[in-house]
Amino acid sequence: MQLNILTLPGDGIGIEVTREAVRVLHRVCDKYKHTASLSEALLGGIAIHKTGGPFPAETEKRALEADATLMGAVGLPEFDNWPPEKRPERGLLGIRKSLGVFANLRPVRSYPALLDSSPLKNHLIDGVDLIIVRELNSGIYYGTPRGIEGEGKSARGFNTMSYTWDEIDRVTRMSFELARKRRKKLTSVDKSNVLETSQLWRCVVVEVAKDYPDVELDHLLVDNAAMQLVLNPKRFDVMVMENMFGDIISDEGAVLAGSIGMLPSASIGGKRPSGAWVGLYEPVHGSAPDIAGQNKANPLGAIGSVAAMLEYSFGLTEEAAAVNKAMETVLNSGRVTADLRPKGTPATTEEVGKAVCEAI
Ligand code: NAD
């Protein structure tokens, strides 16, 4: 198979972890006789430095042409005080919007070798295997009007949370489809006791559920969902929620796995003429300025994102499983980065990437 992939390493550790993810991708292609055609473009802080903006038109064009896009992370401390519309992170919103990816999938799995790295007691985390589906293309991060009016102590900041029926319908359907291929359980998270957008959300979910009678559905208010995720994470299979709730809850999910560096994500949307999903794949973590450039970052979130890409964008389930299995082998071997608190000397980013390749 010919895989046309655009890489956007971005800033900080994004560059380091993407390098290892690409190494693993080449290894998979060698082993399974696929041809990877990879090209690289600019996004985030590096794009601001080189082109004046976080999401150059050239990057947009090439992402729209690629079969799939593999992203690192964006964000540089020097832009921390810039207005939101000029910051590197605006590049993320830009590419998600322009690719039309409307669902962000964040799998959270416990690995036996990492049980002690989780802040939860072993018996709570052992066996956790869930996916958080976050609506990605609407809600309060995109709604207008938005802004800050007035000045000083009379200033008022405001944002708008809005959802249409169709926006809820499509992400709900995708979540039911995912649940159907897993343990057939979907939890919809909302705040329908307070928010009108959540009341519509629940109404649409109930309507879509009629097409999936084989999937068990339940609803949780977001505050309770946050609590249940640490009290009894094994109760969840697939969870679906709107953009901002998903942003927050998925970071809570991140710590369950032991380190934010472990978590992959897939942002997928409408189907291409070939039937494949439009896909944007990235680790959940940011650019981690505190460890950037030190060869210390855990690349497994980025490598797991390659596995997700192979599965969702190319339908290569055997290859995806090989990557996941190799990651598990490396975790069991104890050759892991400092964030996973290994017993001996921590491995470097590059050593972990090479170890995954060897295990494949
Ligand atoms: P962060 O995820 O970059 O880092 C949080 C903490 O986790 C840090 O201590 C960091 O060292 C650690 N960490 C993160 N990834 C790791 C990895 N792979 N291996 C080992 N340790 C890891 O979040 P932050 O510090 O809040 O944000 C830093 C910058 O990244 C900001 O500019 C922020 O806006 C940006 N950001 C970008 C994305 C993205 O590109 N998708 C996501 C979140 C934050």
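In listed order, ligands and their atoms are each counted from 1. Count residues from 1 along the sequence. Note that the structure is predicted; figures quoted are calculated from it, not measured.
Nearest heavy atoms, Gln2 versus Asp67: O-OD2, 3.8 Å. In terms of heavy atoms, Leu263 sits closest to Val108 at CD2-CA, 4.2 Å.
Scanning the protein heavy atoms around atom 29 (C) of ligand 1, the nearest turns out to be Ser287 OG, 3.3 Å. Nearest protein neighbour of atom 21 (N) of ligand 1, counting heavy atoms only, is Ile291 CD1, 3.6 Å. For atom 13 (N) of ligand 1, the closest heavy atom belonging to the protein is Ile260 CG2, 3.9 Å.
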Between Val238 and Thr187, is a side-chain contact (heavy atoms from CB on, under 4.5 Å) present by the stated rule, with each step listed?
CA-CA 6 Å; Val238 179; Thr187 302; over 6 Å; no
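The protein does not reach atom 6 (C) of ligand 1 closely, with no heavy atom under 4.0 angstrom from it. Counting protein heavy atoms under 4.0 angstrom from atom 24 (P) of ligand 1 gives zero. Distance screen at 4.0 Å: atom 27 (O) of ligand 1 has no protein heavy-atom neighbour inside the cut-off. Less than 4.0 angstrom separates atom 1 (P) of ligand 1 from at least one non-hydrogen atom of the protein. Protein heavy atoms are found inside the 4.0 Å sphere centred on atom 41 (N) of ligand 1.
With a 4.0 Å cut-off on non-hydrogen atoms, Ile13 touches ligand 1 through its side chain and not its backbone. With a 4.0 Å cut-off on non-hydrogen atoms, Met71 does not touch ligand 1 at all. The proximity of Ala338 to ligand 1, defined as any non-hydrogen pair under 4.0 Å, does not occur for either the backbone or the side chain.
Atom numbering of ligand 1 starts at 1 in the shown order; those under 4.0 Å from a heavy atom of Leu92 are 39 (C), 40 (O), 41 (N). Those atoms of ligand 1 with a heavy atom of Gly75 less than 4.0 angstrom away are 32 (O). Atom numbering of ligand 1 starts at 1 in the shown order; those under 4.0 Å from a heavy atom of Glu89 are 31 (C), 32 (O), 33 (C), 34 (O), 35 (C). Contact atoms of ligand 1 toward Asp339: 20 (C) (distance under 4.0 Å to a heavy atom of the residue). Listed by number with element, the atoms of ligand 1 under 4.0 Å from a non-hydrogen atom of Ala73 are 40 (O). The ligand atoms of ligand 1 that sit less than 4.0 angstrom from a heavy atom of Pro289 are 28 (C). Per-residue contacts place Ala297 under 4.0 angstrom from the following atoms of ligand 1 (heavy atoms of the residue considered): 19 (N). Using a 4.0 Å cut-off to heavy atoms of Gly286, the atoms of ligand 1 that qualify are 1 (P), 2 (O), 3 (O), 30 (O), 36 (N), 37 (C), 38 (C), 42 (C), 43 (C), 44 (C).
At distances below 3.5 Å, not a single donor-acceptor pair connects side-chain atoms of Ser198 with backbone N or O atoms of Trp201. Of the possible donor and acceptor atoms, none in the side chain of Glu60 sits under 3.5 Å from a partner among the backbone N and O of Arg62.
Not close to ligand 1: Gly301, with no non-hydrogen atom less than 4.0 angstrom away. Under a 4.0 angstrom heavy-atom cut-off, Val74 registers as being in contact with ligand 1.
In this structure, Lys86 places its NZ atom where only 12 or fewer heavy-atom neighbours from other residues, nucleotides or ligands lie under 6.0 Å away. Heavy-atom neighbours of Asn81 CG from other residues, nucleotides or ligands within 6.0 Å: at or below the threshold of 12.
Between Ala288 and ligand 1, at least one pair of N/O atoms sits closer than 3.5 Å. Note: an N/O pair closer than 3.5 Å links Asn298 and ligand 1 by distance alone. Residue Asp290 has at least one N or O atom closer than 3.5 Å to an N or O atom of ligand 1.
Taking the six-membered ring where the residue is Trp, Tyr32 and His34 present parallel rings, their angle staying beneath 30° rather than reaching 60°. Using cut-offs of 30° and 60° on the angle between ring planes, the pair His49 and Phe79 is tilted.
Side chains of Asp190 and Glu242 form no contact here, defined as non-hydrogen atoms less than 4.5 Å apart.
Lys97 forms a cation-pi arrangement with Tyr142, by the criterion of a distance under 6.0 Å to the ring centre and an angle within 45° of the ring axis.
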